[in-house]
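Below, chains carry the letters A, B, ... as their sequence lines are ordered, and counting in each starts from 1.
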2 protein chains.
Amino acid sequence: MATIKDVALAAKVSVATVSRVLNETGYVHEDTRARVLKAMEELNYHPNEVARSLYKRESRLIGLLLPDITNPFFPQLARGVEDEIHRLGFRLIFGNSDENLEKELDYMQTFKQNHVVGVISATNYPDAPNYQDLSMPIVFLDRTGENAPAVFADSREGGRIAAAEMIKRNAKRITLIKGPAHLQTARDRFNGALDVLSGADIDFHVMKTETFSFPEAQKRAAELFGTYPETDGVIASNDIVATAVLHEALKRKIKVPDELQIIGFDDIPQSELLFPSLSTIRQPAYEMGKEAAKLLLRLMKNEYIEQSAVQMPVAFIERQTTRKAE
Amino acid sequence: MATIKDVALAAKVSVATVSRVLNETGYVHEDTRARVLKAMEELNYHPNEVARSLYKRESRLIGLLLPDITNPFFPQLARGVEDEIHRLGFRLIFGNSDENLEKELDYMQTFKQNHVVGVISATNYPDAPNYQDLSMPIVFLDRTGENAPAVFADSREGGRIAAAEMIKRNAKRITLIKGPAHLQTARDRFNGALDVLSGADIDFHVMKTETFSFPEAQKRAAELFGTYPETDGVIASNDIVATAVLHEALKRKIKVPDELQIIGFDDIPQSELLFPSLSTIRQPAYEMGKEAAKLLLRLMKNEYIEQSAVQMPVAFIERQTTRKAE
DNA sequence: TTGAAAGCGTTACCAC
DNA sequence: GTGGTAACGCTTTCAA
């Protein structure tokens, strides 16, 4: 790879001048600039980002930390982030944390050591020391820290909507599934649904799942129909769990949505591909990724930010696991 | 962040000595080493990777280029790669190419400018100039270049297996769906199935799809049942397309697998979640990612490599869209 | 066994 | 307008 020195030599100027045209900083004569540009072209010169980063103590890299890219909710977040930062010339150092604090620390270390200009993290431990006294801005995605910049969906409202839609559709014996207790978003969904259910004149039943894994969800779904066969409406903690419930219901030849209605949460891409396709509460994952990137970019520019906790709207997506509202 | 100089000062030695204990290179007295280690500890010193990278002209970063992380096949590849390189201390610069040559070039540029030590790319253009005369090793993943290092599944064999299983299960009027022509793997699947079908005494019908997108697949599936309603076995070009066919079949109240059998390709995670769950040809995506990483690591060490094109086995996964073999 | 100093490719300051 | 050069934080000769 050609260096700035090669360009200087070819253009018969000093490296300082080359640097000036490169960064469009300071004066340089039109003719000189042209010569330099030509030399760059000919030598196919591209500045060494590492050297730049060393001197300026910041790179063109952004750190992205997600629990597990293999979980279908996260790729969309990632994609949203990337699309937003890409045109500004930023690139991603990416890692999966498995919700493991050590791994997160490890990646935060990597980020610092590589001079990233900012980080976006979907961590369950936003208040851990990992994330204190950083020299670069950070925004939490799909998570919230104590008045730290964050982008997340209005989960509680999502829970409320799910319950309201279920009631509106005339379910009488509702099962509310509670997700993993360590996830704030899961708790919010649950509490939102509870807000509505407890105020309604309706029978309901709470069941919990420890994880969002399909195999566990399958087991719990089987139990559900064993212990509470008369349920006619399930508000699931997310789409994976909802899928397991749907699966089990179909296996038992329960008619969906006539005998049993199901509402999921997230609207992961495959929810639409199920048969019957899954009614759910949509989180705008891609947009959330974009929004997080935008927020980070503003933070990087040190802009004054009135409200750095941005809450994204959720919406009921009506598909085929719910009946028409009456 | 503390620098090597701070450590040297605190330990009352020169930076050269600190560097020696850091890299375990050259002699250094036990007592000195202890002092240095202690100073590092106290200052919470972590070497600046950027400075290292500048001098050594190589980083601890690996470039990963995938078409679209939002497509459920790719996260598994990514995860396999990451898990393999993580414990060796390597990290990922990640980008989505959208199968766009410009974007790929763009990312390759980024990779070089950041001194990555190697790249793993799932490109459709392995022979493009983008990938020639690189100063670092590259391995193609899920793709092949002309005798370039690569890791990919045995798609042709996969096609053969799909066709054989379909015949074994007594399908009589088979529909073979041909995937996007620009994808080598799609062509291979198709040709493999054709190998078997054309040698068998059986009716079959070929239909093509231009993309692997669900909406297009839905349209084509609808057409299929319109123009060839008597088909009783569909060999789809991948699981997304198979899902669309299943969807359409269920909508038309065609009994699966009694009246219609379906075999997909890939075994993406959601294939198991469908109802009925999808029989498919599995590509070991996670393992492919791992294998690609391993190969890259060996290439980086300049090991002699007998066979740098590693073909991974595929297998028939029997689920509920096929009948029991007779 | 240790330290001084050059060099990695840039940028930015200060002269001219 | 332009060039010389110190500095960014590290590794690696070379000498002592």
| message | Can you tell whether the side chains of Arg143(A) and Asp127(A) come within less than 4.0 Å, N to carboxylate O? | response | no
| note | Between Val50(A) and Lys12(B), whichever has its closest DNA chain C nucleotide further toward 5' is Lys12(B)
| Is a side-chain donor-acceptor pair under 3.5 Å present for Glu49(A) with His115(B)? | no
| Would you say Thr17(B) reaches dG3(C)'s phosphate, i.e. side-chain N/O to OP1/OP2 under 4.0 Å? | yes
| message | Check this for me: Glu303(B), atom CD, are more than 12 non-hydrogen atoms of other residues, nucleotides or ligands nearer than 6.0 Å? | response | yes
| task | Using whole Å, report how far NE2 of His46(A) lies from P of dG9(C). | result | 16 Å
| message | Distance check needed: dC8(D) C1' versus Ile4(B) CD1, whole Å only. | response | 13 Å
| Distance check: side-chain N/O of Tyr27(A) vs OP1/OP2 of dG3(D), anything under 4.0 Å? | no
| task | Find the distance Leu22(B):CG to dG3(C):P and express it as a whole number of Å. | result | 16 Å
Any protein N or O atoms within reach of nucleotides 4-8 of chain C? Criterion: under 3.5 Å, listing atom names and distances.
residue: dC8(C); atom: O3'; partner: Arg57(B); partner atom: NH2; Å: 3.4
residue: dC8(C); atom: O2; partner: Tyr55(B); partner atom: N; Å: 3.4

| remark: Separation of dC8(D) atom P from His115(A) atom NE2, nearest Å, is 12 Å
| From dT10(C), dC10(D), dT2(D), nucleotide with atom closest to Arg52(B) side chain | dC10(D)
| task | Give Thr32(B) one of three labels, base, sugar-phosphate or nothing, depending on what nucleic acid heavy atoms sit under 4.0 Å from its own. | result | sugar-phosphate
| request: Describe the nucleic acid contact of Ser19(B) in one word from base, sugar-phosphate, nothing, applying a heavy-atom distance below 4.0 Å. | output: base
| Aromatic plane relationship, Tyr131(A) with Phe140(A) - under 30° parallel, 30 to 60° tilted, over 60° perpendicular | perpendicular
| To the nearest Å, how far apart are Arg35(A) CZ and dG1(D) P? | 13 Å
| request: Verify the distance criterion only: is there a donor paired with an acceptor across the side chains of Asn48(B) and Arg57(A) at less than 3.5 Å? | output: no
| message | Between P on dC8(D) and NZ on Lys112(A), what's the gap in Å once rounded to a whole number? | response | 21 Å
| task | Would you kindly give the CG-to-C1' distance between Leu43(B) and dG9(D), to the nearest whole Å? | result | 15 Å
| request: Using a strict 4.0 Å threshold on nitrogen-to-oxygen distance, state whether Asp83(B) and Arg79(B) make a salt bridge. | output: yes
| message | Are Leu297(B) and Phe90(B) packed together at the side-chain level, in the sense that at least one heavy-atom pair is separated by less than 4.5 angstrom? | response | yes
| Atom CG of Asn114(A) to atom P of dC10(D): distance rounded to whole Å? | 13 Å
